[in-house]
2 protein chains.
Amino acid sequence: MNTDNFLQQLREQGFKLTGKRRAIVDILLEQDRYITAKELIKKLRDLYPSISVDTVYRNLNLLKEEKIVEESEFGEGGSRFRIRCSSQHHHHFVCLSCGRTEPLLECPMGLVDMVPKGFDVVSHRFEVHGYCSQCKK
Amino acid sequence: MNTDNFLQQLREQGFKLTGKRRAIVDILLEQDRYITAKELIKKLRDLYPSISVDTVYRNLNLLKEEKIVEESEFGEGGSRFRIRCSSQHHHHFVCLSCGRTEPLLECPMGLVDMVPKGFDVVSHRFEVHGYCSQCKK
DNA sequence: TTCGTTGCAAAGGATTTGCAGCGTA
DNA sequence: TACGCTGCAAATCCTTTGCAACGAA
């Protein structure tokens with residue numbers, strides 16, 4: 001997956017292809033981990049020193065709606081965002097220190113019956129938090 | 001479990017037993033589901049019309065630190081809180097409509113190896129969302 | 001009396017919105 | 001040209017904090 005794939009997908013929906021939008025996707029892609037909006041903005045300012053936070057949030061929301069980006073809430077400093085590189089359903093191990101993610105080996109929903117009878121399941125969330133091999137040292 | 005058990009626990013830590021604190025625990029206990037701070041405050045105002053939001057948040061934070069209350073973030077309108085009635089480790093099915101919770105039958109972490117080698121696991125989060133038998137109608 | 005608790009007012013941080021001008025297609 | 005995108009400023013929403021008065025033990 002590269003930036004152009006994602007931008008192409010947006011263009012097909014009638015959205016435009018701007019330098020700032022490209023930069024947002026670029027950065028998320030080269031990070032490939034959960035980062036806060038703040039971190040993202042900081043990196044964007046290297047290229048676009050005056051980019052406004054609203055633009056970033058508007059783009060993140062658009063990318064979320066298009067399922068290109070996913071959001072998770074852990075730690076401090078607001079939501080964190082990461083790009084969805086794989087289209088296959090899976091969950092993540094998330095490093096509490098650097099935000100790096102690693103796919104988990106299983107999805108619990110498929111393993112056994114988790115949910116008591118009588119409930120309609122719409123979605124589920126599974127996340128394992130800890131420290132990656134680099135950060136645990 | 002009843003309100004006095006929880007308040008007793010707080011008293012042993014040197015915290016005081018006020019009417020408002022009791023009311024907060026009472027309401028959380030009679031709800032036994034995830035509710036937003038807003039909903040909680042609304043219900044508290046029946047008994048204490050002028051209770052302030054800061055008192056509620058301060059108490060929720062205290063109860064969280066004492067592991068009496070747990071917080072989850074889903075849906076709109078900020079964090080949601082519920083009282084921990086059972087001391088046994090488990091996860092929940094959460095109704096997206098009414099916030100009702102139901103213990104899940106398994107904890108995925110015990111079932112198989114979920115996490116690739118080399119990662120230190122600190123915590124995990126598992127939640128299933130959907131509609132309960134009442135709300136799905 | 002002591003020290004935790006509360007309300008008030010204000011601040012804080014994250015995120016969103018209306019609007020007018022700009023830029024892509 | 002048309003319509004999406006952007007920055008600005010302001011607003012909104014949720015949550016926290018300092019301070020002085022209050023209240024439980």
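Residue numbers begin at 1 in each chain, while the letters A, B, ... track the order of the sequences. Computed from a predicted model, the values in this text were never measured in an experiment.
With a heavy-atom cut-off of 4.0 Å to chain B, the contacted part of DNA chain D has its first and last nucleotide at D/dC14 to D/dA25.
Partners of B/Glu71 according to the side-chain contact (heavy atoms from CB on, under 4.5 Å) rule, which considers only residues two or more places apart in sequence or in another chain, are B/Lys64, B/Glu73, B/Ser79, B/Phe81. Under the salt bridge (Lys or Arg N to Asp or Glu O under 4.0 Å) criterion, A/Arg125 pairs with no residue, sequence neighbours left out. Taking B/Glu39 as the reference, B/Arg33 meet the salt bridge (Lys or Arg N to Asp or Glu O under 4.0 Å) condition, with sequence neighbours excluded. Take B/Lys136 and apply the salt bridge (Lys or Arg N to Asp or Glu O under 4.0 Å) test, not counting sequence neighbours, and it matches A/Asp120. By the ring pair (Phe, Tyr, Trp, His ring centres under 6.0 Å) test, A/Phe119 pairs with B/Phe93, sequence neighbours left out. Residues satisfying the salt bridge (Lys or Arg N to Asp or Glu O under 4.0 Å) criterion with A/Arg11, sequence neighbours excluded, are absent altogether.
With values rounded to the nearest 0.5 angstrom, B/Cys85 atom SG is found 11.0 Å from B/Ile68 atom CD1.
Computed from C1' positions of five pairs at each end, the angle between the two local axes of the helix from C/dT1-D/dA25 to C/dA25-D/dT1 equals 40°, rounded to 10 degrees.
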For residues 97-114 of chain A, dump all side-chain donor-acceptor pairs below 3.5 Å to protein atoms at least two apart in sequence or in another chain.
| unit_1 | atom_1 | unit_2 | atom_2 | d |
| --- | --- | --- | --- | --- |
| A/Thr101 | OG1 | A/Arg82 | NE | 3.3 |
| A/Thr101 | OG1 | A/Arg82 | NH2 | 3.1 |

Using distance only, find each side-chain donor-acceptor pair of residues 15-30 of chain B under 3.5 Å and give its atom names and separation, not counting sequence neighbours.
| unit_1 | atom_1 | unit_2 | atom_2 | d |
| --- | --- | --- | --- | --- |
| B/Thr18 | OG1 | B/Arg21 | N | 3.1 |
| B/Arg21 | NE | B/Asn59 | OD1 | 2.7 |
| B/Arg21 | NH1 | B/Lys16 | O | 2.6 |
| B/Arg21 | NH2 | B/Asn59 | OD1 | 3.2 |
| B/Arg22 | NH2 | B/Asp4 | OD1 | 2.5 |
| B/Asp26 | OD1 | B/Thr3 | OG1 | 2.5 |

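In this structure, B/His91 has its ring center at least 6.0 angstrom away from the ring center of A/His124.
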For this session: Sugar-phosphate means primed atoms, P, OP1 and OP2; the rest is base. With that split, encode nucleotides 6-16 of chain C 5' to 3' as B, S or - using protein heavy atoms under 4.0 Å.
Result: BBBB----SBB
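Within a 6.0 Å radius of CD in A/Gln13, more than 12 heavy atoms belonging to other residues, nucleotides or ligands are found.
Connection of A/Leu47 to A/Ile35 is established within a shared hydrophobic cluster, with ILVMFWY side chains joined at heavy-atom distances below 4.5 Å, either directly or through further cluster members.
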Contact list (N/O, under 3.5 angstrom) for nucleotides 1-3 of chain C vs protein:
| unit_1 | atom_1 | unit_2 | atom_2 | d |
| --- | --- | --- | --- | --- |
| C/dC3 | O2 | B/Lys16 | NZ | 2.8 |

